[in-house]
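Fair warning: this is a prediction, and the values are worked out from it, not measured in the lab. Proteins get letters first, then strands, A, B, ... in listed order; numbering begins at 1 in each.
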Protein chains: 2
Amino acid sequence: MQVKPTSKSANPGSSEDASGLRMTRQRQEVYRVLLAQRDHPTANDVFMRVKDGLPHISLATVYNCLEVLVEHRLVRQVNFEREPSRYCPNLEEHCHFHDQHTGVIHDVKFKPGVRLGDVLDLPNGAVIEDVEINLRGQLSLA
Amino acid sequence: MQVKPTSKSANPGSSEDASGLRMTRQRQEVYRVLLAQRDHPTANDVFMRVKDGLPHISLATVYNCLEVLVEHRLVRQVNFEREPSRYCPNLEEHCHFHDQHTGVIHDVKFKPGVRLGDVLDLPNGAVIEDVEINLRGQLSLA
DNA sequence: GAATCAATTTAGAATAATTCTTGCTATTGG
DNA sequence: CCAATAGCAAGAATTATTCTAAATTGATTC
């Protein structure tokens with residue numbers, strides 16, 4: 001029934017940011033919350049924080065927003081074992097160290113110049129799309 | 001009702017193996033299945049395979065056995081994203097490459113002499129208890 | 001401004017891997 | 001043999017996440 005040309009109805013120009021993502025109020029808030037407190041919160045943590053600014057937001061929406069932000073590579077999803085996913089706005093190549101004493105997750109950078117292929121005996125022709133390195137241990141004071 | 005046919009029922013004489021684990025028939029079967037087909041099966045995969053030899057085993061028991069084997073470090077638990085856990089009897093230090101084209105998970109060894117501390121900018125005083133490295137990508141034929 | 005129309009949000013239901021509970025059986029040490 | 005402990009089975013419970021369906025939004029075109 002639509003006689004519409006619909007040429008660009010789906011995704012109007014000025015509503016998207018550089019990564020092609022429509023920045024709705026909810027997505028903004030979710031993203032803002034992640035940037036504001038970089039402690040690798042879970043979806044539920046984010047939910048609780050976002051409610052300050054958007055009291056009517058639903059948990060499903062938080063999940064949707066996080067999913068979209070991850071897809072658009074503005075945010076990384078961090079999984080430790082089978083614990084609830086955590087979210088990290090640090091886009092630098094880095095990995096995660098879970099201090100099991102404090103529960104804190106630290107970002108850990110690679111030393112400069114390190115390349116995976118130098119370190120791992122990768123199968124021939126392997127094209128790596130994604131790397132996830134998770135460490136568990138503790139920070140001894142000694 | 002039965003007056004105790006102890007001698008050969010389920011668990012012959014020496015009950016524990018080197019790792020202090022009581023090797024029941026169920027744990028044996030679970031472990032055997034993991035060793036027999038090293039394709040990183042899920043708990044449910046293991047369940048189905050074990051049923052050949054032990055038709056009455058329950059899924060809960062498979063989970064229990066896997067948990068115990070992991071605790072005793074005879075088996076490693078492998079988690080990719082939030083997918084069901086997989087189990088790996090390869091005890092060598094290694095990591096995992098998930099070929100998203102075939103779904104196969106390959107074991108990947110470190111190149112000889114590589115140490116984490118050489119590669120990562122670890123926090124001062126970090127004692128690493130466990131390392132998990134997961135790669136995703138594909139094996140290009142070219 | 002009104003109509004349009006896909007994208008988005010929402011609330012709640014559904015899903016599914018895993019864990020827990022309970023009762024029972026087997027095994028071990030005394 | 002007996003008591004104590006460990007392990008097993010079946011099914012219920014848990015829980016992070018996803019799905020569904022209906023309502024809303026908002027950019028664009030008329």
Please confirm whether the shortest side-chain N or O distance from B:Tyr63 to OP1 or OP2 of C:dT19 is below 4.0 Å. no
Does B:Thr61 have a side-chain nitrogen or oxygen under 4.0 Å from the phosphate oxygens OP1 or OP2 of D:dA9? yes
Taking only residues two or more places apart in sequence, or in another chain, which ones meet [X] in a salt bridge (charged side-chain N to carboxylate O under 4.0 Å, His left out)?
X	result
B:Glu81	B:Arg136
A:Asp107	none
A:Glu132	none

Within this structure, what is the [atom1]-to-[atom2] distance between [X] and [N], rounded to whole angstrom?
X	N	atom1	atom2	result
A:Glu67	C:dA7	CD	P	15 Å
B:Glu29	D:dA9	CD	P	12 Å
B:Leu59	C:dA17	CG	C1'	9 Å
A:Tyr87	D:dA16	OH	P	12 Å
A:Asn64	C:dA6	CG	C1'	16 Å
B:Leu66	C:dA17	CG	P	14 Å
B:Met23	C:dT28	CE	P	14 Å

Using links of under 4.5 Å between side-chain heavy atoms of ILVMFWY residues, direct or through other members, which residues join [X] in one cluster?
X	result
B:Leu91	none
B:Met48	none
B:Phe80	B:Val78, B:Ile105

Winner on side-chain proximity to B:Ala60, out of D:dT17, C:dT9, D:dA10, is D:dA10
Does the B:Arg76 side chain pair with the main chain of B:His94, one donor and one acceptor, at a distance under 3.5 Å? yes
Would you mind reading off the bend of the helix from C:dG1-D:dC30 to C:dG30-D:dC1 from its two end axes, five pairs each, to 10 degrees? 30°
Here the pair of heavy atoms bringing B:Arg27 nearest to B:Arg22 is NH1-O, 3.0 Å
Partners meeting side chain to side chain donor-acceptor pair (under 3.5 Å) with B:Asp121 (sequence neighbours left out): none
Where do N or O atoms of nucleotides 5-7 of chain D meet protein N or O atoms at under 3.5 Å, pair by pair?
residue: D:dG7; atom: OP1; partner: B:Arg27; partner atom: NH1; Å: 2.8
residue: D:dG7; atom: OP1; partner: B:Arg27; partner atom: NH2; Å: 3.2
residue: D:dG7; atom: O5'; partner: B:Arg27; partner atom: NH2; Å: 3.3

Expected output is a numbered-order residue list: members of residues 77-86 of chain A with a heavy atom under 4.0 Å from any atom of DNA chain D. What is it? A:Pro84, A:Ser85
For DNA chain D, the residues among residues 36-56 of chain B that have a non-hydrogen atom under 4.0 Å from it: B:His56
Between A:Asp45 and A:Thr42: side-chain donor-acceptor atoms closer than 3.5 Å: yes
Residues A:Ser85 and A:Gln77: side-chain donor-acceptor under 3.5 angstrom: yes
Atom CG of B:Asp118 with >12 non-hydrogen neighbours under 6.0 angstrom: yes
For the side chain to side chain contact (heavy atoms under 4.5 Å, CB included) test, which of B:Leu34, B:Leu66, B:Val33 pairs with B:Pro41? B:Leu34
Applying ring-ring contact (aromatic ring centres under 6.0 Å, His included), which residue pairs with at least one partner in residues 35-54 of chain B are found, sequence neighbours left out? B:His40-B:His96
